[in-house]
Amino acid sequence: MPNRSHSFYSYLSLISRSTTPLHLLQILSHSIISGHHPNLLLSTHLISHLSSSHHHSLSLLLFSSIPNPDLFLFNTLLRSTPSPSLSLSLFSSLPHLHLHPNPFTFSFAISSSSSFPSPFPGRSLHARSILSGFSSDPFIGSALTNFYLNFADSLSAHKVFDRIPQPDTVSWNSLLSGLIKNNAFSQSLIVFNRMFSSGTSFDPTTFAVILPAIAESQDLNLGLEVHCLAVKSGMASRSHVVTGLISMYSKCGEVSMARFLFNDIERPDLVARNAMISGYSVNQDVGLSVSLFRDLMAIGGKPSSSTLVGMIPVFSPFGHGFLSRCIHGFVIKCGFDSNSPVLTAIMTVYSRLNDLDSAQKVFYEMPEKSLASWNAMISAYAQNGLTEMAISLFQDMQALNVRPNPVTVTSTLSACAQLGALSIGKWVHRIITEEDLELNVFVSTALIDMYAKCGNIKEARKVFDSTKDKNVVSWNAMISGYGLHGDGHQALKLYSEMLTARIAPTSVTLLSVLYACSHGGLVEEGEAVFESMASEHEVNPGPEHYACMVDLLGRAGKLKQALEFIETVAVDAGAGVWAALLGACMKHKETSVAQIASNKLFELEPENSGYYVLMSNIYSANREFPQAAMVRETAKSRNLAKTPGCTLIEIGEKQHVFTSGDRCHPQTEAICAKLEELTAKMIEAGYRVETDAALYDVEEEEKEHMVKVHSEKLAIAFGLINTEPGTEIRIIKNLRVCLDCHNATKFISKVTERLIVVRDATRFHHFRDGLCSCGDYW
DNA sequence: TTGTGTAAAC
């Protein structure tokens, strides 16, 4: 303790060395006793110290005891006030204190209003700062940039930022980190480029902020450049920067480079270790990930939630038993049983193991659902084919006002695409626009795919054309979209544009192009593409490509050539090629090649009921009924169930599903009446029942030569009743549309003057005025 | 500064 002879300055120096609030208060009382009443300077120091040791109530107490605080003292208090509502009420007390806010006052108040639940106080501070004449202050500008991006308002953020005359490093960093918080990774890389060209110098924060964005976009070249910049500016060994580099290299697949940097760290902290552990994990190196984890335990380190989140994904290949026994148990033992990120990682693993029940259980029992956990559940549903569940969960989010991010809408759109739910897909598109979510390459590709799969190929193309950062996946989605719609020529045209743009085709690209040729009947073009695969594009054909070639040749009626292709080129290509050949035999009503193909298939995949159905139908089509019956008997004796056909139609935003011979729908009678009315008109127009169609139905006995009304006809009739004349009708069928339904739909489109769009298991059919876009080639 | 969740063909 100082004695009476101590000067005012010795109190100051004591304050700066004090660590506990008690100690600070002792000094304060001592100074008062010894006649040194706490003046402004002394109080300011005290407040600053109390705040940095998180004793906010004490600093507030001290502040209120000071009769005439100055602005500097006020700002010091404001800067360290943890609660946004408290700092807002402090701000409004300025007039009582006869103080005028300066730029620091505004920027501190704005910073804390970023964590206020509503954006209004921050906006009003923005307005008041302009009225006070600070419209282009760099400090306020940075704080506002940050504030607006915290409320996902990137338009306002950019406006504010552009008003800063000479943005400094901190301003740029605020913009960058805000964009990244909003998942606007590609945009952040553009801003980073602008920052670089402006000549603004980087600080360690700049590197720490931009490296995750580079990692996210997997742009290794940019990562290397930034690494060089960091080395040149002498910041490459700062701990935050190294961690960012380790993570960036791992995510770009350069895990050995990451390890090299890691080994160079003298005493790696927990964060660096976590980055390295997850680096091995994303690169599927179980051994090294676990061994680093062991190192951590060996030095007595305590794993953080990030350690577990980083390590958990590597365990999914071990299978369910291991996970539930060890990992889930370990998480609970470590006290992370209510930690949202850790539980989200567990959910993802369950989902990858197709154990949706467990994933769902973790999700619904989570005490606090984060955005990531909502996303994990939606994508778990979407990836496991539970499309309605995925969509309904997204609708729940909307109802609960949980704001989606690009990841959320990407998964939801994927569900819409699978389901063919166009109206919901459009609704999601509107949400993306209204909420100003970043249209990153994932979102735009998902939109392209959704529009294409839901039948709106023009809208798909519109999105495709307006997408700036297309990658090969976007091109693939668009090309396969054309294939789906039977437009082989557009698919080939786009493919050649892609080659001109010097984008290397992947095996998926080539498969999509081949399918488009096959669906469009472009045999020679398809053969040329197949030839070019290995020779020009260094892609070796896989079983799918071979099957597609068989499909291409077989559909065109070249069954012998297709068989030869299998026996000479596509040897050991598996069941796919034979299935394609069998399908082609059905189209051309050919039994001898079909026998060879089906025998192969019964041998390769005896459990697949589809082949028995197909073979039996081929016999029936050729009036070889005893053989047909025999095949069906075999299938029956093996207890093989066939997939029931069903058709979906959307009226408004509601989906209606019909099965074959369905009489469950409330409007059943009206539907039957409509069908009778239609049949009469169709027969008048020349329609005759295709008898072969009856033979598609293996479960129907021959006693009935009548076709049980297939689900697509029910759905079309239902659509006709419930929509205005002239509206187009869109239906989605899970199996391939049968010959009779295809023919009937042509007539329906004619007699009702409607455009009818049918999506079946493999492609789209646009029926208009008695004709189908597939040219009866399907 | 690390960690969760995302699109294309079959």
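Lettering of chains follows the sequences in order, A, B, ..., and the numbering in each one begins at 1. All values below were derived from every heavy atom in this structure, side-chain atoms included, with hydrogens, water molecules and symmetry-related copies excluded.
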Out of [options], which nucleotide sits closest to the side chain of [X]?
X	options	answer
A/Leu371	B/dC10, B/dT2, B/dG5	B/dG5
A/Ser480	B/dT4, B/dA8, B/dG5	B/dA8
A/Asp449	B/dA9, B/dT4, B/dT6	B/dA9
A/Ala376	B/dG5, B/dT1, B/dT6	B/dG5
A/Arg352	B/dG5, B/dG3, B/dA9	B/dG5
A/Ser239	B/dG5, B/dT1, B/dT2	B/dT1
A/Ser247	B/dT1, B/dA8, B/dT2	B/dT2
A/Thr243	B/dG5, B/dA7, B/dT2	B/dT2

Would you mind classifying the nucleic acid contact of [X] as base, sugar-phosphate or nothing, using non-hydrogen atoms under 4.0 angstrom?
X	result
A/Phe207	nothing
A/Ser305	base
A/Glu438	nothing
A/Ala372	base
A/Pro212	sugar-phosphate

Ignoring backbone atoms, establish whether [X] has a side-chain N or O less than 4.0 Å from OP1 or OP2 of [N].
X	N	result
A/Lys251	B/dG3	yes
A/Thr348	B/dG5	yes
A/Gln383	B/dG5	no
A/Thr344	B/dG5	no
A/Lys470	B/dA8	no

What is the separation between atom [atom1] on [X] and atom [atom2] on [N], rounded to the nearest whole Å?
X	N	atom1	atom2	result
A/Trp475	B/dA8	CH2	C1'	14 Å
A/Leu514	B/dA8	CG	C1'	15 Å
A/Ile246	B/dG3	CD1	P	11 Å
A/Leu437	B/dT6	CG	P	17 Å
A/His429	B/dA7	NE2	C1'	15 Å
A/Leu176	B/dT1	CG	P	12 Å
A/Tyr280	B/dT2	OH	C1'	15 Å
A/Phe442	B/dT6	CZ	C1'	5 Å

Expected output is a numbered-order residue list: members of residues 403-420 of chain A with a heavy atom under 4.0 Å from any atom of DNA chain B. What is it?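 Hits under 4.0 Å, by residue number: A/Asn405, A/Val407, A/Thr410, A/Ser411.
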Can you name the residues that form a ring pair (Phe, Tyr, Trp, His ring centres under 6.0 Å) with [X], not counting sequence neighbours?
X	answer
A/Phe565	A/Phe530
A/Phe192	A/Phe202
A/His328	A/Tyr350

What residue among A/Thr410, A/Thr467, A/Ile432 forms side-chain contact (heavy atoms from CB on, under 4.5 Å) with A/Ser444?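 Going through A/Thr410, A/Thr467, A/Ile432 one by one, the side-chain contact (heavy atoms from CB on, under 4.5 Å) with A/Ser444 is satisfied by A/Thr467 alone.
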A/Asn405-A/Asn375 side chain donor-acceptor pair, cut-off 3.5 Å: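 Judged by distance alone, the side chains do pair up.
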Do A/Thr509 and A/Thr506 get their side chains close enough for a donor-acceptor pair, meaning under 3.5 Å?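 Their side chains do contain a donor-acceptor pair, which is all the 3.5 Å distance test asks for.
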Table please: side-chain donor-acceptor pairs of residues 335-342 of chain A below 3.5 Å, with sequence neighbours left out.
| residue | atom | partner | partner atom | Å |
| --- | --- | --- | --- | --- |
| A/Asn339 | OD1 | A/Val342 | N | 3.1 |
| A/Ser340 | OG | A/Ser370 | OG | 3.0 |

Residue pairs passing the ring-ring contact (aromatic ring centres under 6.0 Å, His included) test where at least one lies in residues 247-269 of chain A, sequence neighbours excluded: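 Residue pairs with at least one partner in residues 247-269 of chain A: A/His227-A/Tyr249.
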Looking only at heavy atoms, what is the nearest atom pair of A/Ala491 and A/Ala516, with distance?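 The answer is CB-CB, 3.4 Å.
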Does any N or O donor sit under 3.5 Å from an N or O acceptor when you compare the side chain of A/Asn471 with the base of B/dA7?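 Yes.
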